[in-house]
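Proteins get letters first, then strands, A, B, ... in listed order; numbering begins at 1 in each.
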Amino acid sequence: MLEKSFEPAAIEQRWYQRWESAGHFVHAADKTPAYCVQLPPPNVTGTLHMGHAFQQTLMDALIRYHRMRGFNTNWVVGTDHAGIATQIVVERQLEEQGNSRHDLGREKFVERVWQWKQQSGSTITRQMRRLGASANWSYADTEGQKAGYFTMDEKMSRAVVEVFVRLHEEGLIYRGKRLVNWDPVLGTAVSDLEVDSEEEDGRIWELRYPGKGFSLTVATTRPETMLGDVAVAVHPDDARYKAFVGQRVELPLAGRTIPVIADEYVDPQFGTGCVKITPAHDFNDYQVGKRHGLDPINILRLDAHLNDNAPEKYRGLERFQARKQVLADLSAQGFLAGEKPYKLRVPRSGRTGVIVEPMLTDQWFVRMEGLARPALDAAAKGELKFFPEHWTSTYRQWLENIQDWCISRQLWWGHQIPAWYDDEGKVYVARNEAAAQALAPGKALRRDADVLDTWFSSALVPFSSLGWPDRTKDQDLFLPSSVLVTGFDIIFFWVARMVMMSLHFTGKLPFRDVYINAIVRDAEGEKMSKSKGNTLDPLDLIDGISFEELVKKSTVGLLKAEHKQKVQGYIKAHFPQGIPPFGTDALRFTFASLASFSRTLNFDLSRCEGYRNFCNKLWNATRFVLMNTEGKDCGTDESLPVRLSFVDRWIISQLQRVEAEVAQGFTDYRFDNLAGAIYRFVWDEYCDWYVELAKLQLQDSDEAVQRGTRRTLVRVLETSLRLAHPVIPFITEELWQKVAPLAGKRGDTIMLQPYPKSQPEKIDEAAERDMAVLKEWTVATRNLRAEAKLPPGERLPLYATALPPVSDVSLSTAALKLLARLDEVRNVSALPDSPSPVAVVGEARLMLYKEVDPAAERDRLQKERARLAGEIDKARKQLGNASFVERAPAKVVEQMRERVAGFEATLAKVSAQLEKLTPTR
RNA sequence: GGGUGCUUAGCUCAGCGGUAGAGCGCUGCCCUUACAAGGCAGAUGUCGUAGGUUCGACCCCUACAGCACCCACCA
């Protein structure tokens with residue numbers, strides 16, 4: 001016997017372990033068709049957040065759905081070494097101990113990071129298991145930790161080196177001194193994508209550069225860079241300055257003169273029309289300098305302090321101190337012409353938030369243009385499809401304007417670049433040191449100290465995880481994978497790069513479909529952020545958490561007291577009771593239900609609660625079925641007679657429809673639709689109608705009717721469980737184990753049972769029509785009850801001028817008696833002469849015989865008459881419109897006519913009743 | 001500057017060229033032998049604004065407004 005209500009905690013733990021240890025998540029060596037999903041590898045030291053939980057729910061639903069449909073499923077998972085992020089974490093730890101990575105040295109430091117990875121690396125994969133993720137943990141599991149691949153493990157690293165060397169051989173990787181985005185705190189280059197520019201309040205200053213007999217005023221937001229100026233540029237057609245082009249002006253403080261040059265880049269309308277040119281510290285100026293053959297003067301050290309190219313006074317000053325000093329000196333010497341507040345876009349490092357400095361350094365780049373073209377073609381030809389489709393344009397736009405990718409990072413944690421230098425600085429790129437040495441016999445080689453951008457290895461995952469560069473059968477089976485589920489924020493970072501790399505190295509797409517999931521926000525649509533306190537931990541939703549605990553964990557690590565206050569306030573307002581335990585299934589069902597094609601998903605706790613209630617409903621429906629079928633004849637013996645009523649045939653028919661809807665939902669990646677379809681079928685049809693009517697049929701004297709009812713109860717439920725399993729795996733497994741035997745089925749697990757398939761031949765329109773009538777009569781009669789405000793115990797006869805027009809009248813009237821709590825149904829030629837409320841259903845008029853207040857009833861009828869008159873009027877107008885009748889499809893016109901006729905018939909009956917109530921004058 | 005998305009019930013969102021929907025919330029009645037995490041019944045919308053196309057527009061087109069996001073080098 002089942003517990004009285006659904007208690008998720010116990011069943012979840014048990015079933016996940018059994019599934020995993022039984023090897024149900026493992027792919028088959030050689031079986032088609034294959035279905036493969038690549039998990040966006042989470043940061044190895046990270047923890048699961050709502051975005052992960054959402055994504056993984058969808059992936060797992062897809063995987064489970066296809067597994068049940070007999071696909072050879074392989075959910076390839078792994079974790080990412082997340083170069084910068086992980087290095088920062090460990091550096092912070094060292095900092096707390098008063099150490100820096102430089103104190104340890106590279107080797108010791110990297111060792112330390114590995115330790116940290118081993119220690120915290122399993123957190124996120126453990127959490128994924130709590131979500132029920134049926135991931136292929138043992139696949140590509142080089143490190144034997146049942147966590148899939150690790151982007152820095154031996155096998156994955158081999159692919160990285162191979163790709164690097166090959167791209168280099170093909171001339172697609174090059175090294176050069178370029179201006180790159182530099183994070184002066186981390187001391188590394190970062191790619192364009194890792195820089196976020198936000199508009200901030202700043203100032204703009206005007207500086208006067210004197211020439212012979214004239215002076216030019218330039219505007220700048222970064223006055224300290226003037227020490228590295230090499231020219232002042234004006235627009236070639238600018239009449240104001242034409243005369244000065246070619247002359248020189250004095251560069252204040254620096255004791256140099258610089259030329260006045262003409263360049264189209266200058267917008268004469270903007271500012272003074274004069275631009276200072278600082279090639280070493282500005283991307284535009286760099287181009288201008290190049291065009292005019294001006295050598296950049298770099299005035300900054302890598303830590304953003306001024307270097308020896310600056311006048312002595314400023315050397316060693318930090319960049320913002322230098323700014324102050326330069327401004328003070330310019331002002332004192334009369335060269336500062338103006339200063340105003342100004343809104344500017346400040347480029348900040350995505351990791352440290354520090355202002356990024358354009359810095360002239362030696363870096364490695366990937367030439368992107370040629371790689372991008374095939375990636376664009378694939379999307380244009382529809383071989384690569386985005387869901388929702390509009391993301392294609394985001395993808396396309398970026399690829400069409402792609403810049404070379406700076407892949408070197410001046411970090412210690414990551415794939416060290418496979419390049420060696422001899423004493424003359426000549427570079428040898430090779431698969432390993434010995435191979436490099438072979439290229440440079442007798443020379444002393446030194447390995448490039450840099451590591452690769454984390455996204456470099458991520459870009460290879462779709463094929464490196466399948467064993468590339470070896471030729472493996474898995475690449476035939478699982479490449480391209482079926483669908484990638486990921487967030488829009490990494491379309492550039494990851495999606496596009498995977499497509500390019502995969503096409504280039506394997507000739508195949510990494511995946512056919514890309515589902516871009518919504519961003520999870522809080523219930524009000526606010527971004528979730530630690531400082532607001534509106535983040536939710538998926539595990540807290542599953543297990544529940546007390547108010548005190550929640551406050552404690554949300555404020556830990558917050559330094560500012562005001563933040564703590566704010567967070568506490570938010571939690572008090574939104575989770576005064578903490579969070580109750582909803583269980584994994586409820587959380588998953590919520591995610592699925594909210595997964596429409598909208599761009600954001602506002603996670604609402606009350607929705608989660610609603611879907612927990614749904615789980616409870618399913619649980620109790622099963623309880624009912626078990627109570628009424630266990631140990632009884634459920635019709636598994638096909639030789640015994642079975643009679644199915646229109647009610648049985650109706651629910652079976654509906655089942656076919658919901659199965660088709662769910663299948664469509666999966667095809668379209670409309671998880672909201674499929675979840676909604678399941679919800680409505682289970683709750684609104686099976687529980688609200690079928691189970692209630694089954695109660696009646698189970699009392700039928702005919703053994704064949706009882707048998708048919710039990711069989712239908714059990715079979716439809718058993719099928720529903722399979723239908724819902726991809727979304728709510730735990731509860732369906734638990735219940736299926738109990739229900740399946742009654743339906744003559746057996747199995748270790750529901751997850752390997754065949755997925756329900758809609759059988760159109762079982763759609764029974766006659767039964768559906770009968771049921772529609774029964775529902776209509778029931779609702780109308782219940783309405784009469786509600787109007788009459790009958791106490792629950794009071795049962796009255798229903799007077800009806802006709803019997804329900806269905807194939808089985810006695811069943812229908814019996815059903816009516818049960819569902820609308822009637823004493824009996826009396827078929828009469830005329831309703832009793834009474835002011836009691838009358839309902840009109842089709843041809844019939846229904847009345848519960850009961851004394852009522854005639855005035856109230858008159859009121860009600862008048863309202864109803866007005867409504868009907870309004871509808872008739874509206875429809876009549878349409879029909880009166882000649883061009884509607886002529887041009888609209890005949891079917892639509894006919895429908896409209898029927899509509900009017902129906903309304904009019906009802907109106908007549910309502911009017912007649914009203915007549916009766918109207919006091920005779 | 002370029003691009004994308006959104007605007008429908010109190011809230012969060014579906015929706016479709018032909019009778020405006022769901023969940024939650026709300027109101028009333030009910031602890032009816034699966035379920036009060038429940039049952040039954042009910043109320044609620046000039047579908048952002050203005051034009052256009054159409055027999056017919058919430059839906060298609062145009063413009064506008066507001067909100068959100070992405071990309072881009074304006075000193």
P gap between B:rA57 and B:rA72, integer Å = 44 Å
request  = State whether the side chain of A:Arg222 and the backbone N or O of A:Arg323 hold a donor-acceptor pair below 3.5 Å, judged by distance alone.
outcome  = no
remark   = In whole angstroms, the gap separating P of B:rG5 from CD1 of A:Ile519 amounts to 16 Å
Protein-nucleotide distance (A:Lys891, atom NZ; B:rU19, atom C1'), rounded to Å = 15 Å
ask   = Are the side chain of A:Arg710 and the backbone of A:Lys632 linked by a donor-acceptor contact shorter than 3.5 Å?
value = no
message = Determine whether the aromatic ring centres of residues A:Phe591 and A:Phe54 are separated by less than 6.0 angstrom.
response = yes
message = Need one value for A:Glu692: base, sugar-phosphate or nothing, where a base atom within 4.0 Å counts as base even if backbone is also close, heavy atoms only.
response = base
key: Integer angstrom distance from the P of B:rG39 to that of B:rG25   = 12 Å
ask   = Within a strict 4.5 Å, meaning less than it, do heavy atoms of the A:Lys290 and A:Pro279 side chains meet?
value = no
inquiry  = Would the distance check show the side chain of A:Asp823 and the main-chain N or O of A:Arg795 forming a donor-acceptor pair, the cut-off being under 3.5 Å?
reply    = no
message = Between B:rG51 and B:rG56, how many Å separate the two P atoms, rounded to a whole number?
response = 16 Å
message = Is it the case that the side chain of A:Trp619 and the backbone of A:Glu3 share a donor-acceptor pair, with hydrogens and angles ignored and the cut-off at 3.5 Å?
response = yes
inquiry  = If I take atom CG in residue A:Asn620 and atom C1' in nucleotide B:rU33, what distance separates them, rounded to the nearest angstrom?
reply    = 13 Å
Using atom names, set out every protein N or O paired with an N or O of nucleotides 71-75 of chain B below 3.5 Å, distance rounded to 0.1 Å.
unit_1 : atom_1 : unit_2   : atom_2 : d
B:rC73 : O2'    : A:Asn284 : ND2    : 2.7
B:rC73 : N1     : A:Asn284 : OD1    : 3.0
B:rC73 : O2     : A:Asn284 : OD1    : 2.5
B:rC73 : O2     : A:Asn284 : ND2    : 3.1
B:rC74 : N3     : A:Asp267 : OD2    : 3.4
B:rA75 : OP2    : A:Tyr342 : OH     : 3.0
B:rA75 : O2'    : A:Ala219 : O      : 2.3
B:rA75 : N6     : A:Asp267 : O      : 2.5
B:rA75 : N6     : A:Phe270 : O      : 2.8
B:rA75 : N1     : A:Asp267 : N      : 3.2

key: Whole-Å P distance, B:rU4 and B:rC58   = 25 Å
request  = With sequence neighbours left out, write down each residue that passes side chain to side chain contact (heavy atoms under 4.5 Å, CB included) with A:Gln397, or none if nothing qualifies.
outcome  = A:Asn401
message = Pair A:Phe582, A:Tyr611 - check ring-ring contact (aromatic ring centres under 6.0 Å, His included), show working.
response = CA-CA 9 Å; A:Phe582 292 122; A:Tyr611 295 119; over 10 Å; no
query = Looking only at atom P, what distance separates B:rU49 and B:rC59, rounded to whole Å?
reply = 10 Å
ask   = Does any pair with a residue in residues 604-617 of chain A pass salt bridge (Lys or Arg N to Asp or Glu O under 4.0 Å), and if so which ones, sequence neighbours excluded?
value = none
ask   = With a non-hydrogen cut-off below 4.0 angstrom, is A:Cys615 in contact with a base, only sugar-phosphate, or nothing?
value = nothing
Show me the donor-acceptor pairs, under 3.5 Å and distance only, between side chains in residues 195-202 of chain A and residues at least two apart or in other chains.
unit_1   : atom_1 : unit_2   : atom_2 : d
A:Glu200 : OE1    : A:Arg348 : NH2    : 3.1
A:Glu200 : OE2    : A:Arg348 : NE     : 2.6
A:Glu200 : OE2    : A:Arg348 : NH2    : 3.4
A:Asp201 : OD1    : A:Lys343 : NZ     : 2.7

message = Across nucleotides 11-18 of chain B, 5' to 3', mark each nucleotide with B, S or - according to how protein heavy atoms within less than 4.0 Å reach it.
response = -BSSS--B
inquiry  = How many whole angstroms separate atom CG of A:Asp489 from atom C1' of B:rA68?
reply    = 15 Å
Show me the donor-acceptor pairs within less than 3.5 Å that the side chains of residues 265-273 of chain A make with the rest of the protein, sequence neighbours left out.
unit_1   : atom_1 : unit_2   : atom_2 : d
A:Asp267 : OD1    : A:Gln269 : N      : 2.9
A:Thr272 : OG1    : A:Thr217 : O      : 2.5
A:Thr272 : OG1    : A:Cys274 : N      : 3.3

key: Integer-rounded Å distance: B:rU32 P and A:Asp823 CG   = 20 Å
query = For A:Arg396 and B:rU4, what is the distance between atoms CZ and C1' respectively, to the nearest whole Å?
reply = 11 Å
key: Where protein sits on nucleotides 37-47 of chain B, one letter per nucleotide: B base, S sugar-phosphate only, - none, heavy atoms under 4.0 Å   = BSSSSS-----
B:rG18 versus B:rG42 - spacing of their P atoms, nearest Å = 26 Å
task = For RNA chain B, produce a single dot-bracket line, 5' to 3'. Pairs: Watson-Crick or G-U wobble, both distances under 3.5 Å. Symbols: ( ) within strand, [ ] crossing, | other strand, . unpaired.
result = (((((((..((((....[..)))).(((((.......))))).....(((((..]....))))))))))))....
message = Going by the rule side chain to side chain contact (heavy atoms under 4.5 Å, CB included), which residues pair with A:Ala814 if we only count those two or more places apart in sequence or in a different chain?
response = A:Leu696
inquiry  = Go nucleotide by nucleotide along RNA chain B from the 5' end; which of A:Tyr611 and A:Asn628 gets its closest nucleotide reached first?
reply    = A:Tyr611
message = For the backbone of A:Phe730 and the side chain of A:Asp585, can you confirm whether one donor and one acceptor N or O come within less than 3.5 Å of each other?
response = yes
query = Within a radius of less than 6.0 Å around CD of A:Glu400, do more than 12 heavy atoms belonging to other residues, nucleotides or ligands occur?
reply = yes
message = Using OP1 and OP2 only, check whether a side-chain N or O of A:Lys4 sits under 4.0 Å from B:rA34.
response = no
key: P spacing across the pair B:rC24 / B:rC40, given as an integer number of angstrom   = 13 Å
Whether A:Asn534 side chain and A:Asp522 backbone form a donor-acceptor pair below 3.5 Å = no
Distance, rounded to the nearest Å, where A:Lys877 contributes NZ and B:rG56 contributes P = 15 Å
remark   = Across all chains, not counting sequence neighbours, the side chain to side chain contact (heavy atoms under 4.5 Å, CB included) partners of A:Pro581 are none
task = Measure the distance from CD on A:Glu199 to P on B:rG1 and round it to the nearest whole Å.
result = 12 Å
Pairs: protein N or O with nucleotides 6-9 of chain B N or O, under 3.5 Å:
none

task = Report the C-alpha separation of A:Ser593 and A:Asp672 in whole Å, then their side-chain angles, then the decisive distance to 0.1 Å, and conclude whether the side-chain hydrogen bond (donor to acceptor under 3.5 Å, both in side chains) test is met.
result = CA-CA 4 Å; A:Ser593 300; A:Asp672 56 335; over 6 Å; no
Could you list the donor-acceptor pairs under 3.5 angstrom formed between side-chain atoms of residues 868-876 of chain A and any protein atom two or more places apart in sequence or on another chain?
unit_1   : atom_1 : unit_2   : atom_2 : d
A:Glu871 : OE1    : A:Arg899 : NH2    : 3.0
A:Arg876 : NH2    : A:Glu904 : OE2    : 2.1

message = Using the C1' atom as the point on both nucleotides, what is the distance between B:rC30 and B:rA9, in whole Å?
response = 27 Å
